[in-house]
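Order of appearance sets the numbers: ligands from 1, and atoms from 1 within every ligand. The figures that follow rest on heavy atoms only: side chains count, while hydrogens, waters and symmetry mates do not.
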Amino acid sequence: MKLSRRVTETAPYLFHLIDEKRKAAQERGIDVISLAIGDPDMPTPDFVIDLMNEEMRDPRNHQYPSYKGESDFCELVAHWFKKRFGVNLDAQNEIMATIGSKDAVSHLPFVFIDPGDTALVTDPGYPAYEAAIGFAGGTPIRIPLLEERGFLPDLSSIPEDIADNAKFIFINYPNNPTAAVAEESFFEDLVAYAKKHDLVILADNAYSEVYFEPEDRPISIMQIPGAKDLSIEIHSFSKTFNMTGWRIGFVVSSKALIHSFLTLKSNFDSGVFMAIQRAAARALGHPNAPLFNEQRTQLFKKRRDIIAAALNDLGFRFGLPRASYYFWVRIPEMYSSSVVFCADLLEKQGLVVTPGVGYGPSGEAFFRISMTSPNEKIEKGMERLKNFMKGL
Ligand code: MLT
């Protein structure tokens, strides 16, 4: 078979591999608990389902959608963006619907990369960033995210010529997998840096609504003066409304950058089912949305307490997550590989967590726990972690 190097030289997606390992362990008779993927266990809220039921019954939603996203979708998103971030967007030119945020993440590199080009990615980082740059024929250049810098990239450590040659930089705050948050001053410095080096910023803001305290409420890079002309911000409904399976997100940027992305996307796919677009966009301004958000925060705080207490008891090193679903935890000192640690934990206790190296070499000393499982399952998972550590 004459397969492309794109396929033969790329590993399957991290969570596909983890799923395979989980299934294999179950086939060997191991009773498995997975705290790996960040996929909310709670269903999509009823008010969104009700909106979807209405939209499904509307025959105008049954045909091909517009490539850019329906104009009422864009209007409702613009309205939310103004309310949430205080940023004015031209709904018809500066917003585009996407098939979840992974669609944007994996296709945006094709807008900028020609074979042989380079782009900057944070390490650790969401694995689709590097894969997409590679698929487009480029080379990702990793910028380490270090604990002592709050898992923010040290832009001054990037050699000038590397920054000048790179096409764009991927960033993601609130961050997956480290759960780090970035202050406004970070985004200001980043925008100035991108201007200096003629870089585009691809800002993944998929976790903008998942935070614990009001003072950590994430901002949008679009709040920084001058950012829109050189940034594309990626948003998702997956985490905001427990809609991972629905596949709906959007990007915001300048008219010119949206137009370039539309050229690419309109050739790749045929847009998002209109009923999903309309249900999702109406959910943003729905009167039940604030209460839903508050209840979700309280639930995750409880889960955060359960996990933090167990990790502290066991002497693990970690920072308390301020946003996102994740704990980013140092593996025990006797291990030098996160993959071996996670494999042992699965084999001996049937507990699946994510090896940090799956997000890049700088993640090798870490593993990730996701809070997206029912409390009892998390408690059981922490019991298993305790048993595992006792047995070391
Ligand atoms: C994660 O668990 O890191 C992601 O949310 C899953 C994904 O988007 O692939």
Side-chain angles (χ1 to χ4, degrees), residues 10-22 32-44 98-109 121-135 145 151 170-181 202-211 218 234-251 272 280 296 300 303-304 307 318 321 323-329 338-339 342 346 351-360 362-363 366-374 377-378 381:
T10 308
Y13 189 58
L14 176 64
F15 287 101
H16 174 68
L17 293 174
I18 291 176
D19 256 1
E20 297 291 297
K21 287 202 168 137
R22 177 183 53 79
V32 174
I33 289 183
S34 177
L35 303 179
I37 197 165
D39 187 2
D41 51 306
M42 300 85 72
T44 305
T98 60
I99 311 169
S101 63
K102 199 171 175 187
D103 169 21
V105 160
S106 57
H107 289 132
L108 277 169
V121 288
T122 55
D123 164 27
Y126 185 53
Y129 304 152
E130 283 203 13
I133 294 166
F135 284 157
L145 298 184
F151 296 111
F170 255 124
I171 57 132
N172 167 223
Y173 292 98
N175 185 256
N176 175 17
T178 66
V181 292
L202 301 185
D204 180 355
N205 207 358
Y207 294 88
S208 71
E209 304 315 299
V210 186
Y211 57 95
I234 302 163
H235 285 264
S236 169
F237 289 84
S238 291
K239 322 287 175 179
T240 307
F241 293 120
N242 301 339
M243 291 171 75
T244 49
W246 296 49
R247 309 316 303 142
I248 171 86
F250 59 91
V251 294
V272 183
R296 194 247 328 267
F300 276 107
R303 293 177 179 181
R304 189 176 67 157
I307 298 173
F318 65 98
S324 86
Y325 299 144
Y326 308 116
F327 275 78
W328 187 239
V329 188
S338 57
V339 170
C342 292
L346 173 58
L351 178 60
V352 187
V353 292
T354 310
V357 75
Y359 296 87
S362 297
F366 296 84
F367 67 104
R368 195 193 76 171
I369 301 175
S370 173
M371 293 183 255
T372 52
S373 290
K377 203 165 151 190
I378 290 180

Which atoms of ligand 1 are found less than 4.0 Å from any heavy atom of Tyr359? 3 (O)
Which atoms of ligand 1 are found less than 4.0 Å from any heavy atom of Gly38? 1 (C), 2 (O), 5 (O)
Supply the atom-to-atom distance Leu351 CG to Ser34 OG, rounded to the nearest 0.5 angstrom. 8.0 Å
Where the side chain of Arg303 meets the backbone of Met371, is there a donor-acceptor pair that is under 3.5 Å apart? yes
Decide yes or no for Phe170 and Thr122: does some side-chain heavy atom of the first lie under 4.5 Å from some side-chain heavy atom of the second? no
For ligand 1, the portion of Arg368 having any non-hydrogen atom under 4.0 Å away: side chain
Which of the numbered atoms in ligand 1 are below 4.0 angstrom from a heavy atom of Tyr207? 5 (O)
Please could you name the atoms of ligand 1 that Asn176 approaches to less than 4.0 Å, counting only its heavy atoms? 1 (C), 3 (O)
Would you confirm whether the ring centroid of Phe151 sits within less than 6.0 angstrom of the ring centroid of Tyr173? no
Is the backbone N or O of Pro43 less than 3.5 Å from a side-chain atom of Asn242, with the two atoms forming a donor-acceptor pair by type? yes
Need the ligand 1 atom indices (1-based, order shown) with element for anything under 4.0 Å from a heavy-atom of Lys239. 4 (C), 5 (O)
Considering only non-hydrogen protein atoms, determine which one is nearest to atom 9 (O) of ligand 1 and report residue, atom name and distance to 0.1 Å. Tyr13 OH, 2.6 Å
At what distance is the nearest protein heavy atom to atom 6 (C) of ligand 1, and which residue and atom is it? Ile37 CG1, 3.7 Å
Reference residue Phe366; test ring pair (Phe, Tyr, Trp, His ring centres under 6.0 Å); the match among Phe327, Tyr326, Trp328: Trp328
Closest candidate by heavy atom, reference atom 7 (C) of ligand 1, pool Phe15, Tyr325, Tyr126, Tyr326: Tyr126
Apply side chain to side chain contact (heavy atoms under 4.5 Å, CB included) to Ser338 and Val357, showing your working. CA-CA 6 Å; Ser338 57; Val357 75; 3.4 Å; yes
